[in-house]
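This report refers to the structure that appears directly beneath it.
Nothing here was measured: the structure is a model prediction, and the numbers come from that model. Protein chains get the first letters and strands the later ones, always in sequence-line order, with residue 1 at the start of each. Computation of the quantities below employed the complete heavy-atom set of this structure, encompassing side-chain atoms and omitting hydrogens, waters and symmetry-equivalent molecules.
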Protein chains: 2
Amino acid sequence: MANVAKFNREDVIRKAMLLFWEKGFNGASTRDLQQAIDMRPGSIYAAFGSKEKLYSEALECYSKEMSDILMRHIAEQRSPLAGLERFFQNVVVDQRDSNPSEVCMLVKTLSEVNEQHPDLLQLSRELLKRTEDRFTDILQLALKQGELAGHPDPRMIAKQLQVQMIGLRIYMKTSGNMASVSELIAGLFKSISTRSDLN
Amino acid sequence: MANVAKFNREDVIRKAMLLFWEKGFNGASTRDLQQAIDMRPGSIYAAFGSKEKLYSEALECYSKEMSDILMRHIAEQRSPLAGLERFFQNVVVDQRDSNPSEVCMLVKTLSEVNEQHPDLLQLSRELLKRTEDRFTDILQLALKQGELAGHPDPRMIAKQLQVQMIGLRIYMKTSGNMASVSELIAGLFKSISTRSDLN
DNA sequence: TTATATTTTGAGCAATTGCTCAAAATTAAA
DNA sequence: TTTAATTTTGAGCAATTGCTCAAAATATAA
């Protein structure tokens, strides 16, 4: 008898995620939401409790999708570092028009939300931390394969990549200059790689 | 006749800036604003026209203050690059608690605002571009003084610094780890400098 | 002073906000 | 079927939003 709900929960959360990503937490009204996910207020609040809780689920959905994209690139590319670089190019440059916003949704949340919604702050922090940890794992792999130049510390390079990913996406929105940004990404990976044939 | 206004315009704009920086465009209500600048709605709208226009003036105020801080550090330090590094450390790490938000106000605007407020989007883009140009000028100076390692292109390094400044401030808010972020900044400047005694 | 121009005030409007809840519709169990 | 449990609906509430405007207060000019 459990879960006789008519609506597809995952589907609804994803649609909510796309709206929140585009308009932000304050910018997306509950009416916008109702239209986007095609549900009436009563059902929404019965299923999710509050706008904030639905936003939380949307954040996790976003984070999982980004993680899947990262892992797909790692699997498809010939090496961990090449996979990371393709991931950067893909997210920052290629997807720029097809996404609801050029800015990372976790960053948007962190930037918009204050102490009135501590759960959202904490969650976006945690999800960003998870991304950094994933970067670290991949760089550890790259280290083992001798891909990292200099005296490499995977945990420190992961931090650098995190800073770059955040900065590059916003810079992309600022400048709109795809060529420059591609060049910045290429330069970044050249600087941490032993290989000289990158790009 | 002209300008018999009682209130101090600059003072009011600065107070509005601090509020908007903290709460964002949507997050700061007109009542919050009235309280923060101690003016009644009629006066506010007579003097500034709309919430959006006041926000514009607040953005310019923010940008000017940041620019002043940058130039002060350049003047106080022994070299352009040392001044830039002190500016980064100061803004990203030292000021982290005293500011209304850890995130750059221009970035917050760019991240929150959409096409419903095209003027704000364009203005924050322009002000960010101005910062990049200022970085370029300083790096040009550093180049002349032989401070830049490798085959330096000031315009490209300025873009890198812009990306880093944006990313680092948000990363600071994410991690709260001042030591790591300081290390990241030190590493960044070490990588573009010819000197080995940085920090 | 008196008259005129300017500025400030704040009650309050129309629209929008997040959300509730009784009633209707639908489903599952007997 | 009938009955009971569950889900969906949408009118609408109380609070808040950005903003207006006539009236009051204040400043300047004559």
Side-chain angles (χ1 to χ4, degrees), chain A residues 1-13 15-59 109 112-121 123, chain B residues 1-13 15-59 109 112-121 123:
Chain A
M1 233 192 246
N3 196 19
V4 251
K6 267 304 166 41
F7 67 90
N8 181 337
R9 201 163 215 276
E10 281 189 14
D11 222 61
V12 160
I13 290 173
K15 280 175 183 163
M17 179 273 276
L18 293 174
L19 179 76
F20 277 133
W21 188 5
E22 183 192 346
K23 302 203 167 192
F25 181 76
N26 290 318
S29 74
T30 49
R31 318 281 176 193
D32 294 336
L33 217 37
Q34 290 162 32
Q35 198 186 2
I37 69 182
D38 191 29
M39 285 175 74
R40 263 36 66 195
S43 302
I44 297 176
Y45 284 85
F48 300 103
S50 68
K51 187 187 180 187
E52 182 176 357
K53 281 181 186 161
L54 176 51
Y55 192 94
S56 284
E57 302 213 39
L59 266 186
T109 308
E112 176 183 11
V113 160
N114 55 27
E115 304 73 34
Q116 283 180 355
H117 301 277
D119 294 355
L120 295 184
L121 268 185
L123 180 59
Chain B
M1 319 168 116
N3 196 19
V4 249
K6 268 303 166 40
F7 67 90
N8 181 337
R9 202 164 215 275
E10 281 188 15
D11 221 60
V12 161
I13 290 173
K15 280 175 183 161
M17 180 271 277
L18 293 173
L19 179 77
F20 278 133
W21 188 6
E22 182 192 346
K23 303 202 167 192
F25 181 75
N26 291 318
S29 73
T30 49
R31 314 290 179 201
D32 294 336
L33 216 36
Q34 289 163 34
Q35 199 185 1
I37 70 183
D38 190 29
M39 285 175 76
R40 263 38 65 195
S43 302
I44 298 176
Y45 284 84
F48 301 104
S50 70
K51 188 186 180 188
E52 182 176 356
K53 281 181 187 160
L54 176 50
Y55 193 94
S56 284
E57 302 213 37
L59 267 186
T109 308
E112 176 183 10
V113 160
N114 55 28
E115 304 74 33
Q116 283 180 356
H117 301 279
D119 294 355
L120 296 184
L121 269 185
L123 180 58

**Fill in**
Only residue of A:Leu18, A:Leu19, A:Val12, A:Asp32 satisfying side-chain contact (heavy atoms from CB on, under 4.5 Å) with A:Ile37 is A:Val12
**Item:** Nearest-nucleotide pick for B:Arg40, side chain only, options being C:dT9, D:dT20, D:dT9
**Value:** C:dT9
**Message:** Checking contacts here: which listed nucleotide (D:dT17, D:dT20, C:dT20) is nearest the side-chain heavy atoms of B:Pro41?
**Reply:**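 Shortest atom-to-atom distance from the side chain points to D:dT20.
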**Asked** Once you round to the nearest 0.5 Å, how far does CZ of A:Phe48 lie from CG of A:Leu33?
**Response**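 Atom-to-atom, A:Phe48:CZ and A:Leu33:CG are 9.0 Å apart.
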**Prompt:** CZ of A:Arg9 to CG of A:Asp11: how many Å apart, nearest 0.5 Å?
**Reply:**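 Rounded to the nearest 0.5 Å, the CZ-CG separation comes to 12.5 Å.
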Can you check the [X] [atom1] to [N] [atom2] distance for me, whole Å?
X	N	atom1	atom2	value
B:Phe48	C:dT8	CZ	P	10 Å
A:Leu54	C:dG18	CG	P	12 Å
A:Gln34	D:dG12	CD	P	16 Å
A:Gln116	C:dG18	CD	C1'	14 Å
B:Lys53	D:dC19	NZ	C1'	13 Å
A:Lys23	C:dG18	NZ	P	11 Å
A:Gln35	D:dG10	CD	P	14 Å
B:Asp32	D:dT16	CG	P	11 Å

**Message:** Is it the case that the base of C:dT17 and the side chain of A:Arg31 share a donor-acceptor contact (distance under 3.5 Å, atom types as modelled)?
**Reply:** yes
**Message:** Judged by each residue's nearest nucleotide on DNA chain C, which is more toward the 5′ side, A:Gly42 or A:Thr30?
**Reply:**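 The residue closer to the strand's 5' end, by nearest nucleotide, is A:Thr30.
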**Asked** So which one's nearest nucleotide on DNA chain C is more toward 5', B:Asp38 or A:Gly27?
**Response** B:Asp38
**Request:** Indicate the ring-plane relationship of A:Phe25 and A:Tyr55, choosing parallel, tilted or perpendicular according to the 30° and 60° boundaries.
**Result:**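 It falls in the perpendicular class, over 60°.
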**Prompt:** Heavy atoms under 4.0 Å, any strand shown: does A:Ala47 hit a base, just sugar-phosphate, or nothing?
**Reply:** nothing
**Request:** Output yes when at least one side-chain N/O atom of B:Ser43 is less than 4.0 Å from OP1 or OP2 of C:dT7, else no.
**Result:** no
**More than 12 heavy atoms from other groups under 6.0 Å of CD on A:Gln35** =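 Check fails, neighbour count at 12 or below.
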